[in-house]
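Atom set for the values below is all heavy atoms of this structure, side chains included, hydrogens, waters and symmetry mates excluded.
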Amino acid sequence: MRHPHILPLVFSLYFLTLFLPTQATHHHYHTKHKLSHFHNSPEISPSLAPLVAPFSAPAEAPSPSPTVNENYNNASKFFDLRTFGAIGDGITDDTESFKMAWDTACQSDSAVETIFVPRGFSFIIQSTIFTGPCKGDLVLKVDGTLMPPDGPDSWPKNNSRRQWLVFYRINGMSLEGNGLIDGRGEKWWDLPCKPHKGPNGTTSPGPCDSPVAIRFFMSSNLTVQGLRIKNSPQFHFRFDGCESVHVESIFITAPALSPNTDGIHIENTNDVKIHNSVISNGDDCVSIGAGCHDVDIKNMTCGPGHGISIGSLGNHNSRACVSNVTVRDSVIKVSDNGVRIKTWQGGSGSVSRVKFSNIQMESVRNPIIIDQFYCLTKDCTNKTSTVFVTDILYTNIKGTYDMRHPPMHFACSDSVPCTNLTLSDIELLPAQGDIMLDPFCWSAYGSSQTLIIPPISCLQEGFPQSILPNDIDRC
């Protein structure tokens, strides 16, 4: 049976499908917002000193939302960067499109919003601060590539050189996907102010700011999952003043000689889980700064790099408190250090209740190290105060070490010795040859619970008489 009246209807519907998306794209790309949740250029202080938020929340939501997918990860709305005019050709500056997508998602009334970076596209974004609070939770799903401008000469002069993408005052955000965040750090590493990059291998004086790739500041309930991030100019991730952070199954890579390219740095941040990830870089895989507690690091593959570190702490006579840290079920390979605690002379505070367990070392220069004389120059002087290190447990740590350094190194302060260091099931053998070096101890108090290889006899028993328990700053 024929239906001649259907043909005009089909052509009408086909015309609408062509026309409406074009109109939506055009409308949102040219929308101007009176107040938005992003900020270019101004710099957030690296410390937690009081500061003014770049912007407060807008009183009303921006213009109607673009393309919506009601079924994506239970999200109510789904914002593709291209809908806001982003090109994604790796050449065009797509910063404004990213800002509009963020502003629209942040002010939507839906419970969860998803900003989508599509696969097969590379988006260049300038240094930007994305601010909250937002009305609902946000998902930034990166399946394509995000990149900053290529090197110092391409960096806009009015933008901060200390950070690239900053997420500020966000409660409830997931940064996830199968894509890549490419920090394009090579030209930054070659600045003459970087170690050994000046004339004839020197380090030249002068300003040397380099941007942290991804920074979360004063935010909570954060998840980073599944992403690859490489070649940051400086730290790859930094969490400052945050709470409830879960990093899961990420891959961070940078050359072994890239300067200051820590994988994940946390400061004044608590309730942190860093699990099932691989980090290979030119500095610490994970570094734990002052003000952190309740940190769990599990199933990490770390190296080459500088290992997993608590510190450095107490610089410039500052007070630092770190407690309840666990590093477990991990592999550290071809690294300068394994598990390390490093503090400056002159500081105060304490590092306490730390457990390093079930860790495999592969050709690590300093598998187990406490250094209370940490110094970046040769002119540091000993002082009568330092960060107190106590209640540190090392258990089931096995593998090989570089013959040039002792496998265990406990260099503690004369005035504030390390106390209650406990070792069990330690077996560290030279990576080459059969000559084992003795562990090194200085003002270190503790005990071994089992046979230790190599044997450690330099730990002192009991509690040092040079200090009174009530005189110690335990935070």
Side-chain angles (χ1 to χ4, degrees), residues 228-231 236 247-265 274-288 295-311 325-342 354-371 392-411 421-440 448 450-456:
R228 293 176 296 127
I229 177 168
K230 70 174 186 178
N231 297 343
H236 287 77
V247 178
E248 175 74 33
S249 302
I250 66 170
F251 297 83
I252 296 176
T253 57
L257 296 180
S258 56
N260 303 118
T261 52
D262 294 47
I264 301 170
H265 178 76
I274 303 173
H275 294 170
N276 308 314
S277 296
V278 178
I279 301 177
S280 172
N281 59 351
D283 213 299
D284 295 328
C285 292
V286 180
S287 54
I288 301 169
V295 179
D296 183 47
I297 299 172
K298 177 184 178 184
N299 196 23
M300 300 289 294
T301 298
C302 170
H306 292 182
I308 297 174
S309 295
I310 296 175
V325 175
T326 300
V327 180
R328 56 193 172 116
D329 308 332
S330 296
V331 175
I332 301 176
K333 56 186 181 180
V334 196
S335 295
D336 285 358
N337 305 290
V339 289
R340 174 170 58 160
I341 299 172
K342 50 182 177 176
V354 177
K355 181 178 181 181
F356 301 107
S357 67
N358 302 327
I359 299 173
Q360 181 70 28
M361 303 285 180
E362 299 179 7
S363 297
V364 174
R365 184 175 300 177
N366 298 293
I368 296 173
I369 179 170
I370 295 177
D371 182 6
I392 315 297
L393 173 62
Y394 303 92
T395 181
N396 196 26
I397 298 177
K398 301 180 179 181
T400 59
Y401 65 94
D402 187 318
M403 263 297 298
R404 292 171 293 178
H405 297 266
M408 288 168 269
H409 184 101
F410 301 112
L421 308 180
T422 303
L423 288 75
S424 67
D425 295 318
I426 308 296
E427 184 178 322
L428 295 169
L429 302 174
Q432 295 180 340
D434 54 4
I435 300 176
M436 289 192 295
L437 297 180
D438 292 331
F440 173 84
S448 55
T450 65
L451 178 65
I452 304 297
I453 301 175
I456 183 167

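- Put simply, NZ on K342 and CD1 on I370 are 14.0 Å apart, with the number rounded to the nearest 0.5 Å.
- Within the 3.5 Å criterion, the main-chain N or O of K333 finds a donor-acceptor partner in the side chain of S335.
- Proximity of P407 to L437: side-chain heavy atoms (C-beta onward) are separated by under 4.5 Å at one or more points.
- A heavy-atom distance below 4.5 Å is not found between the side chains of N366 and D336.
- When all heavy atoms are compared, the tightest approach of I359 to V327 is CD1-O, 3.8 Å.
- Residue C302 holds its SG atom at 9.0 Å from CE of M361, rounded to the nearest 0.5 Å.
- With rounding to the nearest 0.5 angstrom, the OG1 atom of T326 is 11.5 Å from the NZ atom of K298.
- Side-chain contact check for K355 versus R328: every heavy-atom pair is 4.5 Å or farther apart.
- A heavy-atom distance below 4.5 Å is not found between the side chains of L423 and I397.
- A side chain to side chain contact (heavy atoms under 4.5 Å, CB included) with F410 is found for exactly one of I368, D371, I392, namely I368.
- Using modelled atom types, no side-chain atom of S309 and backbone atom of S287 make a donor-acceptor pair closer than 3.5 Å.
- For the pair I456 and I426, the minimum side-chain heavy-atom distance is 4.5 Å or more.
- Contact of the D283 side chain with the S258 side chain is not registered, since no non-hydrogen atoms from C-beta on lie closer than 4.5 Å.
- In this structure, the ring pair (Phe, Tyr, Trp, His ring centres under 6.0 Å) partners of H409, at least two apart in sequence or on a different chain, are F440.
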In residues 274-282, what donor-acceptor pairs under 3.5 Å come from side-chain atoms, sequence neighbours left out?
from, atom 1, to, atom 2, distance (Å)
H275, NE2, D296, OD2, 2.8
N276, OD1, N299, ND2, 2.7
N276, ND2, E248, OE2, 2.6
S277, OG, S249, N, 3.3
S277, OG, I250, N, 3.0
S277, OG, H275, O, 2.9
N281, ND2, T261, O, 2.8
N281, ND2, D284, O, 3.0

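- Residue N358 holds its CG atom at 9.0 Å from OG of S330, rounded to the nearest 0.5 Å.
- Considering all non-hydrogen atoms of both residues, N231 and P255 come closest at OD1-CD, 3.5 Å.
- Put simply, the side chain of H236 gets close to the backbone of D262: a donor and an acceptor are under 3.5 Å apart.
- Y401 places a side-chain heavy atom less than 4.5 Å from the side chain of M436.
- The shortest side-chain heavy-atom distance between H405 and P367 does not fall under the 4.5 Å cut-off.
- Shown here for Q432 and M403, the closest heavy-atom pair between the two residues is O-CG, 3.5 Å.
- The structure places CD of Q360 at 9.0 Å from CG of N396, a figure rounded to the nearest 0.5 Å.
- Between the side chains of T395 and S357, no donor-acceptor pair of N or O atoms lies under 3.5 Å.
- Interatomic distance, OG1 of T422 versus CG of L393, reported as 6.0 Å (0.5 Å rounding).
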